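Being a predicted model, the structure only gives us computed values, none of them experimental. In what follows, residues are counted from 1 in the order of the sequence shown.
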Amino acid sequence: MVFINRANEPTVTIGQMNLLFNIRSLWRDLATWSRAYMVNRTAGLPISNEVFNRWYRIPTEFGSLLQYFIGRDNAARFVQLLSQQIVLFRSILEAQLSGDQNLVNQLVQQTYELADERAAFMNSVSPFWDETEFRNLLYMFLQYNLEEMTAILSKDYTKDIDIYDRIIHHADNIGDYFTQGLINYLTYGRQ
């Protein structure tokens with residue numbers, strides 16, 4: 001089924017809408033489960049390991065969806081890179097909790113370097129994901145998450161909620177860009 005606009009031209013198919021919904025949901029899940037992990041871990045709750053395990057499943061969920069569009073090998077590489085990002089983020093939180101600022105700085109640098117690698121990889125998969133644009137989207141997502149971590153650790157809950165709202169909005173923006181890249185790739189093919 002295709003939706004027709006007033007000019008009787010196809011606009012968005014049901015499949016494209018579902019793809020957008022699924023991709024947005026996965027990016028929102030990344031934001032939601034990272035926040036849940038930070039809150040549970042900083043509070044010392046015993047559920048934090050289970051929450052981390054749930055958060056860590058998201059890359060595999062992404063891979064299961066992406067393999068149909070970008071192939072198994074590329075989807076596996078995407079899963080690997082996103083999984084590394086989650087582990088690094090957890091390590092940053094642990095370094096923050098132990099008060100090791102030098103380690104925090106090293107891990108934050110590694111996180112941004114990994115974001116560079118992810119952006120370059122996505123551009124290599126499809127010319128419809130511009131490396132610079134993808135990097136900027138990932139950097140902003142990381143920045144918001146690091147700001148949220150700081151707000152949670154400093155018990156500034158009002159700021160935390162404000163940042164979380166921005167993260168969710170940004171997750172939708174990444175989901176939209178990601179989905180548009182997939183649709184363009186499928187529609188126009190590799191250049």
Practice task
Give the intermediate values and the outcome of side-chain hydrogen bond (donor to acceptor under 3.5 Å, both in side chains) for residues Q110 and Q106.
Solution key: CA-CA 6 Å; Q110 289 176 22; Q106 291 172 0; 5.4 Å; no
Exercise for the section: Please check if the distance between the ring centroids of Y37 and F52 is under 6.0 Å. Expected result: yes
Practice task
Would you please indicate yes or no on a ring centroid separation below 6.0 angstrom for W27 and F141?
Solution key: yes
Is it true that a side-chain atom of [X] and a backbone atom of [Y] form a donor plus acceptor pair closer than 3.5 Å?
{"X": "H170", "Y": "L137", "result": "yes"}
{"X": "W129", "Y": "F134", "result": "no"}
{"X": "T150", "Y": "L146", "result": "yes"}
{"X": "D160", "Y": "D156", "result": "no"}

Handout entry: Residues which pass ring-ring contact (aromatic ring centres under 6.0 Å, His included) with F121, listed by chain and number, not counting sequence neighbours
Key = none
Problem - With sequence neighbours excluded, residues passing ring-ring contact (aromatic ring centres under 6.0 Å, His included) with Y139 - result: Y112
Minimum heavy-atom distance between [X] and [Y], given as atom pair plus value:
{"X": "A95", "Y": "L107", "value": "CB-CD1, 4.2 Å"}
{"X": "I167", "Y": "A31", "value": "CG2-CB, 3.2 Å"}
{"X": "A75", "Y": "G63", "value": "CB-O, 3.7 Å"}
{"X": "W33", "Y": "I58", "value": "CD1-CD1, 3.8 Å"}
{"X": "V125", "Y": "Y185", "value": "O-CE1, 3.7 Å"}

Exercise for the section: Apply side chain to side chain contact (heavy atoms under 4.5 Å, CB included) to L66 and V79, showing your working. Expected result: CA-CA 10 Å; L66 291 177; V79 169; over 6 Å; no
Less than 4.5 Å apart, side chain to side chain, heavy atoms only: is that true for [X] and [Y]?
{"X": "N173", "Y": "Y177", "result": "no"}
{"X": "L19", "Y": "L65", "result": "yes"}
{"X": "I174", "Y": "M140", "result": "no"}
{"X": "T42", "Y": "L93", "result": "yes"}
{"X": "R166", "Y": "D162", "result": "yes"}
{"X": "Y56", "Y": "R90", "result": "no"}
{"X": "L30", "Y": "I86", "result": "yes"}
{"X": "Y188", "Y": "F128", "result": "yes"}

Practice task
Output all residues satisfying salt bridge (Lys or Arg N to Asp or Glu O under 4.0 Å) with D176, sequence neighbours left out; order by chain, then residue number.
Solution key: R24
Practice task
Hey, could you give me the CG/CG distance between N136 and D130, rounded to the nearest 0.5 Å?
Solution key: 8.5 Å
Fill in the blank from the handout: Per side chain to side chain contact (heavy atoms under 4.5 Å, CB included), L142 is matched among V108, T111, L88, L114 by T111
Exercise for the section: Would you mind checking if E94 and R41 are paired as a salt bridge, meaning a charged N to carboxylate O distance below 4.0 Å? Expected result: yes
Fill in the blank from the handout: For residues 146-166, the ring-ring contact (aromatic ring centres under 6.0 Å, His included) pairs (sequence neighbours left out) are none
Handout entry: Flag for E113-Q109: side-chain donor and acceptor within less than 3.5 Å
Key = yes
Exercise for the section: Tell me, please, which residues at least two apart from E131 pass side chain to side chain contact (heavy atoms under 4.5 Å, CB included). Expected result: A119, A120, N123, R135
Exercise for the section: Mind checking side chain to side chain contact (heavy atoms under 4.5 Å, CB included) for Q101 and listing every partner two or more places apart, or none if nothing turns up? Expected result: Q96, V104, N105
Exercise for the section: Take D73 and R77, measure what salt bridge (charged side-chain N to carboxylate O under 4.0 Å, His left out) needs, and give me the verdict at the end. Expected result: CA-CA 6 Å; D73 290 343; R77 181 69 176 140; over 6 Å; no
